[in-house]
Amino acid sequence: MKEQITLLVEQALAALVAQGQLPADVAPKIQIDRTRDKNHGDLASNVALSLAKAAGRPPRELAAQICEALPASPVVTRTEIAGPGFINFFLSDSSSQAVVRSILQQGAGFGRSDVGKGQRVQVEFVSANPTGPLHVGHGRGAAVGDSLCRLLAATGWDVASEFYYNDAGAQIDNLARSVQARCQGLTPDSPEWPEDGYRGDYIHDVARAYLAGETIDAQDRHVTGAGDANNTDAIRDFAVAYLRREQDLDLKAFAVHFDLYFLESSLYQSGAVEETVEQLIANGHTYEQDGALWLRTTEFGDDKDRVMRKSEGGYTYFLPDVAYHLNKWERGFQRVINEQGADHHSTVTRVRAGLQALQKGIPEGWPDYVLHQMVTVMRDGEEVKISKRAGSYVTLRDLIDEVGRDATRYFLVARGPSSQLTFDIDLAMSQSNDNPVYYIQYAHARVCSIQRKLAEQGESWNAERGIENLEQLQEEHEKALLRRLDRYPEVVASAAANSEPHLVANYLKDLAADFHAWYNAHKTLVDDKALRDARLALSEAVRQVIANGLDLLGVSAPESM
RNA sequence: GCGCCAGUAGCUCAGUUGGAUAGAGCAUGCGCCUUCUAAGCGCACGGUCGAGGGUUCGAAUCCUUCCUGGCGCGCCA
C-alpha cells in the first residue's frame, strides 16, 4: 500500500520538475507514514515540508501543487492538506478491505517476505556454561534468540541456530572441584570448600547421582557415574553430562531448538585454538609480558590489551572465542548475530578486535550482537537475587512449571532487549487477565468459538460470499481492524530488521484489543448472510494473523480456553 | 574514573527510526452478561517524556552538559 502511494508522489514530483516548478536536482526521500489519528486519513506524507526550502515556497502551497499533480488512482479517494503542510491520503474502502482477501489466501504465509533472499544467517544464543541449570536470564536469551530465528526465517533468511557449549576451561574445573567436594561430604559452609566453588543445591544432586552410579543420557553424550570421589576427570565428565542433560530438558520444555551445539572442546581437539594463536603471533599483534601472551586489541578499538595465554600456560576464554568466530566465518556465514546478556558486552569489541588481528578480511563490524539487559526477578514483592555461586536461584524450569511456557515466553520477549526487565513471578503465575498473553490467546479462541457456534447452528461459513461482500464492513470498529491487519507485514519486517521481537508482541496486544472491542460491539452471526460471512471473513483474518504472530514468538494459539 | 544500556501516568512498559492533541495494561472510581466464551467491553481519573542548553518548519526521539539506576572495566565466562 505504501509503495503505491510512494509511486504516485514520485510521479507528481516528476511532473512538477518537468513544469519547472521544482528544481531538477532535488532528490527527496519520499516518506509515507501511517497516521496515528484516523482523522488524518490512512497515510500521510511530509514531502512538502521537507521540500519547501528547496522549492522556495511555503509548505502548504507546495503541498497543494503536489496534490494537483497527483495522477488519479483507484486506491486514493481523496487527499487533504493539513497542519503545517502534511498531505493526508484517504484510501478507498476496497483497497483497505483487500487485506482480508490477502490474509485468507496466504494463510500462514501472510506477513512473510523474501527480503533475506535466502542468504544464510547464523544466530547464536543461550550458550550457557554447563555449570548449572538455566536461569531466567538464559530464558530471556532463549526467548529472544528463538523468536529472532523465527523472524529471520519469516523474512526470507536461511537461518542456522547455534548453542556454543563451553565444555572446557576454568569454570568447568571449578564445577568438577565443587562436585568432588560434595562427593567427599563437604558442604559450602566448610572451610575446605573450594574457593569460588558452586554452592547451589544442584551440585549436591550431581554428586549423589555420581556416587550412585547413575547413567546420564544427554543429547550428545552418555556417561555413567564412576562413584569414585577421588577421580576428578570422571567427576568432570559426569557433571558436564548431567548439567547438559538438565539444560536439554529445560530447552525442550521451553520449545527452543538448536540446529547445532558447538563444543568448545572441539576447537582444542581440531587444533583451531593453536592455529589461531600462531596466526595472531605471525601477524605481529602479540607480545609477552609477566609470563603471559597478550594480544594488542587496543590497535582495534579496545580500551586495553587482553591476555590470550595465561602465565600458567592455559588459554583464557578469549582465545577460543576468537577461534570459534573464525570458524563461523569460515563456514560461510556472512551474517552472524550473537544474542547474549549485556553483562558480557565487553566481549563484543574484544572478539571483533581478535578477528581483525587475524587479517582474514572479516568486516570490522562483524559479527552483529543483540544484547539483552538483565532480568530482575520479583517474588512476594521482593527481589530474588540470582547467583549461581551463592546458590539462590530462579531456574527457567521453575518458571515454566509454575507460570506455563506460553506466559513465560511472552513475558521474556515482550520488552525491548535493551530494556531491563522485571519478571514478577506472582503476576506471571496469577493466571489472571493481568497476563497479556491470555488476552491475545483469548482473541484467537473467541474466533474459533464463533466458528463452533456457527457449526452448532447447522450453518457454515461461505468464504467466497464473505470475500465478495467485504464492502459491508462499514463499522468504525471494522475499519480500525482493517487498518491494523494491513500493518502486520510491516511490523514483522521491522521486528526482523531491527532484532526487536517485542514489536510483534505489542502489535498482537493491539490487534487483540481491536478485536475484543469489535466483538463486544457487533454480533458476527447475524441473519444477513452476506454481512455474516463478511464478518466471519474478517474474524478469520484476525485469527490467522494472531496465529502467525504468536508463532513468531513461540507461543501457542489455542482454539479454546 | 572510563565504557555500554536505560530514565515517559502511582506501578510495568509502548511510542511506526524527526511529524500533527504523547499511548496501552495494571491499580483507583463508575457502568455493561435472557444475545457468538465477562480470561471480555465502555466511561472517568492520571504527564514539566530525569534536568538544562543546542540543532529546525517541527524533538520523548538527534547533539551536548549534568543527575539517577543497572551492567561491565579479571591471567573468570
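All of these numbers come straight from a predicted model, not from anything done at the bench. So you know, we letter chains A, B, ... as the sequences are listed, proteins then strands, and number each from 1. All values below were derived from every heavy atom in this structure, side-chain atoms included, with hydrogens, water molecules and symmetry-related copies excluded.
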Please determine if a side-chain N or O atom of [X] lies less than 4.0 Å away from the OP1 or OP2 oxygen of [N].
X: A:Tyr519; N: B:C33; value: no
X: A:Thr316; N: B:G74; value: no
X: A:Lys310; N: B:C76; value: yes
X: A:His516; N: B:G25; value: no

[N] versus [M] - spacing of their [atom1] atoms, nearest Å:
N: B:G15; M: B:A60; atom1: C1'; answer: 8 Å
N: B:G3; M: B:G40; atom1: P; answer: 47 Å
N: B:U48; M: B:G74; atom1: C1'; answer: 44 Å
N: B:C49; M: B:U8; atom1: C1'; answer: 4 Å
N: B:G46; M: B:A22; atom1: C1'; answer: 14 Å
N: B:G18; M: B:A59; atom1: C1'; answer: 7 Å

Across the strands shown, which category fits [X] at heavy-atom distances under 4.0 angstrom: base, sugar-phosphate, nothing?
X: A:Gly314; value: nothing
X: A:Ser419; value: sugar-phosphate
X: A:Arg452; value: base
X: A:Ala82; value: base

Checking contacts here: which listed nucleotide ([options]) is nearest the side-chain heavy atoms of [X]?
X: A:Arg446; options: B:A38, B:C76, B:C36; answer: B:A38
X: A:Pro84; options: B:C41, B:G15, B:G19; answer: B:G19
X: A:Gln420; options: B:A14, B:C76, B:G69; answer: B:G69
X: A:Ala292; options: B:A20, B:C71, B:C75; answer: B:C75
X: A:Asp343; options: B:C76, B:C71, B:G19; answer: B:C71
X: A:Gln31; options: B:G19, B:A77, B:C36; answer: B:G19
X: A:Arg36; options: B:U16, B:C41, B:C36; answer: B:U16
X: A:Ser346; options: B:C71, B:C76, B:A77; answer: B:A77

Worksheet item: How close or far is atom P of B:U17 from atom CG of A:Asn46, stated in whole angstroms?
Response: 10 Å
Practice prompt. Report the distance from atom NE2 of A:His372 to atom C1' of B:C4, rounded to the nearest whole Å.
Written response: 15 Å
Fill in: A:Glu559 CD: over 12 foreign heavy atoms closer than 6.0 Å
no
Ignoring hydrogens and geometry beyond distance, is the side chain of [X] in donor-acceptor contact with the base of [N] at under 3.5 Å?
X: A:Ser311; N: B:C75; result: yes
X: A:His345; N: B:G3; result: yes
X: A:Asn88; N: B:A20; result: yes
X: A:Asn498; N: B:U17; result: yes
X: A:Tyr438; N: B:A39; result: no

Worksheet entry | Under 5.5 Å and under 30°: A:Phe86 stacked on B:A20 | yes
Indicate, with yes or no, if the rings of [X] and [Y] have centres closer together than 6.0 Å.
X: A:Tyr519; Y: A:His477; result: no
X: A:Phe423; Y: A:Phe411; result: yes
X: A:Tyr324; Y: A:Phe262; result: yes

Looking at [Y], is [X] sitting on its ring face, NZ or CZ under 6.0 Å from the six-membered ring centre and within 45 degrees of the normal?
X: A:Arg446; Y: A:Phe515; answer: no
X: A:Arg309; Y: A:Tyr315; answer: no
X: A:Arg244; Y: A:Tyr261; answer: yes

Worksheet item: Start at the 5' end of RNA chain B and walk down; is the nucleotide closest to A:Arg34 or to A:Thr347 reached first?
Response: A:Arg34
